[in-house]
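Written below as structure tokens is the structure these notes are about.
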Amino acid sequence: MDSILALVQDPAAWIALVTLIVMEVVLGIDNLIFISILTNKLPAEHRERARRIGIGLALVMRLALLGTIAWIVQLTTPVFEAFGHGFSWKDMILIAGGLFLVWKATKEIHHNVDPIDHKEDMVGGAVSNSFTAAIGQILLLDLVFSIDSIITAVGMTPHLPIMVIAVLVAVTVMLLAATPLANFIERNPTIVMLALAFLLMIGTTLIAEGMGLHVPKGYIYAAMAFSALVEVLNMFSRNARQKARGSGTH
């Protein structure tokens, strides 16, 4: 109790909390984009439930990992060396998750580019049977993003209460933003392709980091923000042209 009171009275702890919350929310964007695209492939009546389950699993995983910080820290210890780089369990998890993300994004881009190829959905099975498969894949990516998130948190602050609060706030933001984001993506087909391109880039970044190549997250998110801004301008332009054509017909 005394340690918590000391944290409440420490300005540095508040700065660390705000910084970590922002970082966790930003890291949660990757997770949220994947969940939104994957659940949009499900029948409409299952989407909301799938999103809530996916984000709930993300919360459970992050809190469970916070309870095993000693084990999490050991994940960064190299277990073998290849190509002049010591690979840890974290590296291997990031590489596996990155490869999975690249494969899923590439597969879905193919489905969007080829209008004839819609016999299967993104999860590689019939739409009616995709709910369980979708949850399974969300669980897999939740694990990858959660490990990355918690290791980032451990590197930023040694205080467990700060980490727990930051994770709870970040997952709450994900929960509130999930449905609006998914609906926005569904209403704007060009946004789907942009979001898939983001997933492709995120997957490539995870692979690079797993191989020991540090990619500054700021560059990645700046590129994503710039691309999203360009797409928003394109949407405004298309809407303006449609309105002009509509008014011209009267």
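Evaluation of the side chain to side chain donor-acceptor pair (under 3.5 Å) test over residues 229-239, restricted to residues two or more places apart or in two chains, returns T190-E231, T190-R238, E231-R238, S237-R241. Within the structure, side chain to side chain donor-acceptor pair (under 3.5 Å) pairs that include any residue of residues 160-175 do not occur (at least two apart or interchain).
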Margin query: What verdict does the side chain to side chain donor-acceptor pair (under 3.5 Å) test give for S146 and R62, after you've listed the backbone C-alpha separation in whole Å, the side-chain angles of each residue and the deciding distance to 0.1 Å?
Written below: CA-CA 5 Å; S146 294; R62 282 163 168 77; 2.9 Å; yes
Note to self: Could you go through I138 and N31, starting from their C-alpha distance and side-chain angles, then the distance that decides it, and tell me whether this counts as side-chain contact (heavy atoms from CB on, under 4.5 Å)?
What the structure shows: CA-CA 9 Å; I138 288 172; N31 209 166; 5.5 Å; no
Next item on the list: Starting from the C-alpha separation in whole Å, work towards a yes-or-no answer on side-chain contact (heavy atoms from CB on, under 4.5 Å) for L168 and L59.
Entry: CA-CA 7 Å; L168 288 173; L59 174 61; 3.7 Å; yes
Next item on the list: Carefully, step by step, assess T179 and F184 under the rule side-chain contact (heavy atoms from CB on, under 4.5 Å).
Entry: CA-CA 8 Å; T179 298; F184 179 73; over 6 Å; no
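M163 places none of its side-chain heavy atoms less than 4.5 Å from the side chain of E24. In this structure, the side chains of M61 and L139 come closer than 4.5 Å at one or more pairs of heavy atoms. Residues V79 and M92 are in side-chain contact: their nearest non-hydrogen atoms beyond the backbone lie under 4.5 Å apart. Counting heavy atoms from C-beta outward, F34 and T39 have side chains that stay 4.5 Å or more apart. Using a 4.5 Å heavy-atom cutoff, the side chains of M224 and I33 are in contact.
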List, one per line, each side-chain donor-acceptor pair under 3.5 Å for residues 196-209, sequence neighbours excluded.
from, atom 1, to, atom 2, distance (Å)
T204, OG1, L200, O, 2.8
T205, OG1, M201, O, 2.8
E209, OE2, K217, NZ, 3.4

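The hydrophobic cluster containing Y219, built from Ile/Leu/Val/Met/Phe/Trp/Tyr side-chain heavy atoms closer than 4.5 Å, comprises no other residue. The other residues sharing a hydrophobic cluster with F226 are V230, where clustering joins ILVMFWY side chains under 4.5 Å apart. Residue V60 shares its hydrophobic cluster (ILVMFWY side chains chained together at separations under 4.5 Å) with no other residue. Residue L213 is found outside any hydrophobic cluster, as its side-chain heavy atoms come under 4.5 Å of no other Ile, Leu, Val, Met, Phe, Trp or Tyr.
The side chain to side chain contact (heavy atoms under 4.5 Å, CB included) check on A82 picks up F80, F87, with sequence neighbours excluded. The side-chain hydrogen bond (donor to acceptor under 3.5 Å, both in side chains) check on N40 picks up R51, with sequence neighbours excluded. Applying the side chain to side chain contact (heavy atoms under 4.5 Å, CB included) criterion to S36, with sequence neighbours excluded, gives L32, L181, A182, I185. Partners of F236 by ring pair (Phe, Tyr, Trp, His ring centres under 6.0 Å), not counting sequence neighbours: none found. Considering only residues two or more places apart in sequence or on other chains, R52 meets the salt bridge (charged side-chain N to carboxylate O under 4.0 Å, His left out) condition with E48.
Between the D91 side chain and the S88 main chain, a donor and an acceptor come within less than 3.5 Å of each other.
When hydrophobic clusters are built by joining Ile, Leu, Val, Met, Phe, Trp and Tyr residues whose side-chain heavy atoms come closer than 4.5 Å, directly or via intermediates, L176 is not grouped with I55.
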